[in-house]
Amino acid sequence: MATRWLAYSVVFLSLLCGLAMWDSFAHWQQDAPRCDMSYSRPAFVPLPVPDSRLHAKYHLYLFRQGGIDPMDKLVGAPALFIPGHAGSYKQARSIAAEAADYFQALPASERRTGQASMDVFTVDLNEEFSALHGDLIRDQAEYLNDAIRRILALYAPPQGHEQHGHRATPSSVLVIGHSMGGIVARVMQHLPNYTPRSITTIFTLATPHRLPPIILEDKMHAIYHDMLQRHGENTTTALISIAGGSLDNIVNSDAALLPPSPATFSVIATGIPRVWTGCDHMAILWCNQVVKQVAAMLVDIIDIRLPAQTLPIDQRMALIRKRLDITRHVVLEKDAPANMSTTAAAMGQTVSWSWKTPLSYMYRLGEPHMDKNDQKDIVIVWRSSDEPSDSVRISLCRTSPLMKSSRECAQIQHDGFQPLPSSADMRAPPLTWILTISRELWRTYDQLVLEPSQRSHSQEMRAQVRVGTMDASREMNVPMAGHAQILRSSGTGVATVYQFPRVRHPFIAYRLNVDIHDPSPLVVQQQVGRDVKFHVLTPGSDGNVMDVDIHFHRVPSRVHGLEDDENDHLALTFWSTGANQDWNAKLAIDWYGSLGRCVLRFGPSVPMALFVIAMTLLMHNWCIRPSTTISKGVADIVSQWLVGASPLFCLVVAMVVIANPFTDRDVWHLSLAISIVVTFVALGAVVVISGVAHALTIVFSTLHLHLSSSLAAAVITVLLGTLQWLPTAVVLSAMYFVWIAVCAKAYKQASKMNDAPHWDVYWHRWTLLVFLKAWLLPFHVPHVVVFVRDMLISWHFQPSRATLVHDAPVLANMLILLALGFNGPWQRNKTMGIFCVVPVVYYAIYGGTHPFAIDHFFSRAIQLWIV
């Protein structure tokens, strides 16, 4: 009797653990939403695509911005917006409207020759659940290839003419994809109906490029496997990805970061200059800070003089990086003219800059050819509401060895100063601009000269300029208990970098405590690779001590099979906006906040964990559990399984730790703890599923919804005959309800006879019912939902021989399980139980990365046998 409390305890503790993880996920280590709303005046013009096989299912539209875009003609470069999972075609309006407004507001003097706005087309995909089924991805990609041909036909000149006006006839479309729409865009290029070079730029928002949010069927797994295998092959298509950051609770931002290549660029919204804020999965489409930068970038890369309608790939990527990247490229231009009329200024000194009294300042950098270890990066800090890029000319000089009174100078060429956020809510325009000159550039020079740019003398500008150093990086470690003490160094440094080489795992969150002894704002920049985030700390009425949540998404490169990156760890840069700013800080692990970080990271593995745990129940009750002597309750049967299968649970945890790509010698104990938590939560879920399955049999028995074995076998045979009209998932779900009726019959007989043989039969069949629930609910019911949605729009399932062959292993597994369920229980055989451990171990190790490998093997074998 006491053993039944074990089941109750497992449910209670797993529920408590799950609630703690959810509370941490929802309320701890959360960035504040800071997005402003975007507005538009949308109009949508329907465009038929009659040549497509799917023209009755999907529909194409042209977006027009009221008051700007003419309704009767096309004036820009063609662009196509693809919505994601359950997305609407109307979601294109924010980016499309902002692009039209940006181009209209752009002064004619600043417009590049060939630059134009965009004609944004968008597609109605009936808000399909494209993340649930790979067939939907392929259908959408097939239709959109047909839609692109239709779009390009709209721009075709009259017969016999190749151009109209100064523009070339478009041969490609710029594609914008949200969420799974970005995956559709990439799949389009690998389908038979793709027109070569009709897509040269793919821009994605919150798209899970590396792995889907959850893998529930093998066709989606195959799409991702093929996509990752082909990555980097196409060097003429620019692929850009923006992730939402911590506020995106649907797509883990690390999954949106692309492997590096010359034609790809990825960034998290928090690291985009002038954006600096995260976005949730839907807000990234209308967040005005993001939309402004995206629209401006898209318009900037357009060149309608070229058939591709965009600049060449190298110029395109350079403009994209300038808009979206915080890194500034600085180079030297030799033999620049030397200005001998300069005013000396000291490093760290703040000087005034005004065009009414233009002055040139010279800073002494130290002796040339000094020890490299003693040199530091130079940082120019510009305090003004106006960007200084075209206002100041920067040169590095050295005294001529032949004439001590003359200088040899080299002018610095750069692609702009990096703006820093000026307010905690990230909404205020930037007031601080920085440019970093690496020590490799200036190590042979001893003077830095700042002078007014000739083309800016007529401007009215006032600024405060400070030239200092970037203090050398310091390596630190964060202990498991306690904190790392961070102290500001003295001197002329305007910034200090602290490196944490062992802080590189995204499932651990940290808390930074900063004490500022100065009224000036302190800007903290956290960075792990391209995962960048800023925090503006301004002392106020609440005191000078502030807490900052530190968390990130990027995982070590080796997790994705890439070479180790020297930037695969946390770096904190403290930017002092005031002179001689005094502060100190402490960095410690936030253990409770780390619980929530595991939800999005390991949440997709929960369905497979349920499947593995339910498999242990099936193995134990069919092969090991002793025969029932009296009528036991479900809590007793479950507790018996928890005790008898405990060694197997330990084996599962060990296999998960071994298979976990995050496991290394630094955090193996954390990986073990996470594996235990995930397994324990899955145990509690299976115990709950067991109770629900037992309750269903009682309900069906009470309602007289029960079937004998012979009648159930006849119904299953009829269901198999419906495979020529229904998807396999629908047939399997129907078989599941048949099996509930079979279990109800067994329960009714066991309750009536109340003897061990009849209870053995019931618990044997009930075990299969629990397993089917853990197998069918996550992996097959979503397909049923897709089928029902298609029926609602009058789109009927069209099975084929290939579909039946593909689904044959799943059907065979179902029929074998049902046959064993009908014919049991049998004499318990522990040898057979040991044999059943093999699939448990396989799915514990490879269930997250190769969950359908066995099905693929048997499907391939059936195909070869048929051929």
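All values reported here derive from a predicted model rather than from experimental measurement.
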Student: With a 3.5 Å distance limit and no angle check, can you tell me whether D531 reaches the backbone of H553 through a side-chain donor-acceptor pair?
Tutor: yes
Student: Looking at P170 and L152, what are the two nearest heavy atoms and their distance?
Tutor: O-CD2, 3.7 Å
Student: Side-chain contact, heavy-atom cut-off 4.5 Å: L258 with L239?
Tutor: yes
Student: Is the side chain of S253 donor-acceptor paired with the backbone N or O of G245 at a distance under 3.5 Å, no angle test?
Tutor: yes
Student: Please answer whether the main-chain N or O of L311 pairs with a side-chain N or O of R316 as donor and acceptor at a distance below 3.5 Å.
Tutor: yes
Student: In the structure I gave you, are the side-chain heavy atoms of I176 and T204 within less than 4.5 Å of one another anywhere?
Tutor: no
Student: Less than 4.0 angstrom from a charged side-chain N to a carboxylate O is my criterion; do R789 and E127 meet it?
Tutor: no
Student: In the structure I gave you, are the side-chain heavy atoms of K57 and Q140 within less than 4.5 Å of one another anywhere?
Tutor: no
Student: Take C287 and C35, measure what disulfide (SG to SG under 2.5 Å) needs, and give me the verdict at the end.
Tutor: CA-CA 5 Å; C287 180; C35 283; 2.2 Å; yes
Student: Under 6.0 Å from the NE2 atom of H329, do we count more than 12 heavy atoms belonging to anything else shown?
Tutor: yes
Student: Does R150 make a cation-pi contact with F121, if we ask for NZ or CZ under 6.0 Å from the ring centre and within 45° of the axis?
Tutor: no
Student: Please report the C-alpha distance between D31 and K533 in whole Å, then the side-chain angles of each, then the deciding distance to 0.1 Å, and finally whether the salt bridge (charged side-chain N to carboxylate O under 4.0 Å, His left out) criterion is met.
Tutor: CA-CA 10 Å; D31 296 336; K533 187 183 297 183; 3.0 Å; yes
Student: Examine the side chains of R186 and H209 and answer whether a donor and an acceptor come within less than 3.5 Å of each other.
Tutor: yes
Student: Could you go through the salt bridge (charged side-chain N to carboxylate O under 4.0 Å, His left out) check for R274 and E387 one step at a time?
Tutor: CA-CA 12 Å; R274 300 176 182 266; E387 184 175 0; 3.6 Å; yes
Student: Taking atom types as modelled, is there a side-chain donor on Q309 or R167 under 3.5 Å from an acceptor on the other?
Tutor: yes
Student: What do the steps show when you test R149 against V49 for side-chain contact (heavy atoms from CB on, under 4.5 Å), and what is the final call?
Tutor: CA-CA 9 Å; R149 280 194 294 274; V49 188; over 6 Å; no
Student: Looking at D415 and R321, is there a salt bridge between them, counting it only when a charged N and a carboxylate O are closer than 4.0 Å?
Tutor: no
Student: Measure the spacing between OG1 of T277 and CZ of F534 and express it to the nearest 0.5 Å.
Tutor: 13.0 Å
Student: How many angstroms lie between OG1 in T122 and CD1 in I82, if you round to the nearest 0.5 Å?
Tutor: 9.0 Å
Student: Would you check if the side chain of Q293 reaches a backbone N or O of I272 as a donor-acceptor pair within less than 3.5 Å?
Tutor: no
Student: Measure the CD1-OG1 distance between I199 and T236 for me, rounded to the nearest 0.5 Å.
Tutor: 11.0 Å
Student: What I'd like to find out is whether the side chain of V532 reaches to under 4.5 Å of the side chain of T270, using heavy atoms alone.
Tutor: no
Student: Tell me whether D119 contacts the main-chain N or O of L74 through its side chain, where contact means a donor paired with an acceptor under 3.5 Å.
Tutor: no
Student: When you measure from the side chain of S198 to the backbone N and O of T195, does any donor-acceptor pair fall under 3.5 Å?
Tutor: yes
Student: Is it the case that the side chains of W276 and Q289 hold a donor-acceptor pair, with the cut-off being a distance below 3.5 Å and no angle test?
Tutor: no
Student: Please examine the side chains of D51 and D146, heavy atoms only from C-beta on, and report whether any two atoms are closer than 4.5 Å.
Tutor: no
Student: Can you tell me how far the CE atom of M188 sits from the CD1 atom of I137, to the nearest 0.5 Å?
Tutor: 12.0 Å
Student: Looking at R197, I'd like to know if its CZ atom is crowded, meaning that more than 12 non-hydrogen atoms belonging to other residues, nucleotides or ligands lie closer than 6.0 Å.
Tutor: no
Student: So which atom in S94 and which in L285 form the shortest heavy-atom distance, rounded to 0.1 Å?
Tutor: CB-O, 3.2 Å
Student: Heavy-atom count around H190 NE2 within 6.0 Å, excluding the residue itself: above 12?
Tutor: yes
Student: Output yes when D124 and K90 qualify as a salt bridge under the 4.0 Å nitrogen-oxygen rule, no when they do not.
Tutor: no
Student: Please check this pair: side chain of R530 against backbone of L257, looking for a donor-acceptor N/O pair closer than 3.5 Å.
Tutor: no
Student: Could you measure the distance from the CD atom of Q65 to the CE atom of M118? Nearest 0.5 Å is fine.
Tutor: 11.5 Å
Student: Using a distance-only test with no angle check, is there a side-chain donor-acceptor pair under 3.5 angstrom linking T237 and Q189?
Tutor: yes
Student: Is E142 paired with R53 through a side-chain N to carboxylate O contact shorter than 4.0 Å?
Tutor: yes
Student: Please name the residue in the list V275, L319, I242 that meets the side chain to side chain contact (heavy atoms under 4.5 Å, CB included) test with L324.
Tutor: I242
Student: Is it true that a side-chain atom of S172 and a backbone atom of A308 form a donor plus acceptor pair closer than 3.5 Å?
Tutor: yes
Student: Report the residues that fulfil ring-ring contact (aromatic ring centres under 6.0 Å, His included) with Y58, sequence neighbours left out, ordered by chain and then residue number.
Tutor: Y143
Student: Under the side-chain contact (heavy atoms from CB on, under 4.5 Å) rule, what do V184 and S130 come out as? Steps first, then yes or no, please.
Tutor: CA-CA 9 Å; V184 174; S130 54; 5.5 Å; no
Student: Considering only heavy atoms from C-beta outward, does the side chain of V251 approach that of T207 to under 4.5 Å?
Tutor: no
Student: Mark yes or no for whether R305, through its side chain, and A168, through its backbone, hold a donor-acceptor pair below 3.5 Å.
Tutor: no
Student: Given side chains that start at C-beta, do those of H178 and F81 come closer than 4.5 Å, heavy atoms only?
Tutor: yes
Student: Can you list the steps and then say if V187 with Y194 is a side-chain contact (heavy atoms from CB on, under 4.5 Å)?
Tutor: CA-CA 10 Å; V187 171; Y194 172 67; over 6 Å; no
Student: Would a distance-only check, ignoring hydrogens and angles, find a side-chain to backbone donor-acceptor pair under 3.5 Å from R112 to I302?
Tutor: yes
Student: If you take the centroid of each ring, where Trp contributes its six-membered ring, are H783 and H133 closer together than 6.0 Å?
Tutor: yes
Student: Side chains of S246 and H551: do they bring a donor and an acceptor to under 3.5 Å?
Tutor: yes
Student: Can you confirm whether D248 sits close enough to I284 that some side-chain heavy atom of one is under 4.5 Å from a side-chain heavy atom of the other?
Tutor: no
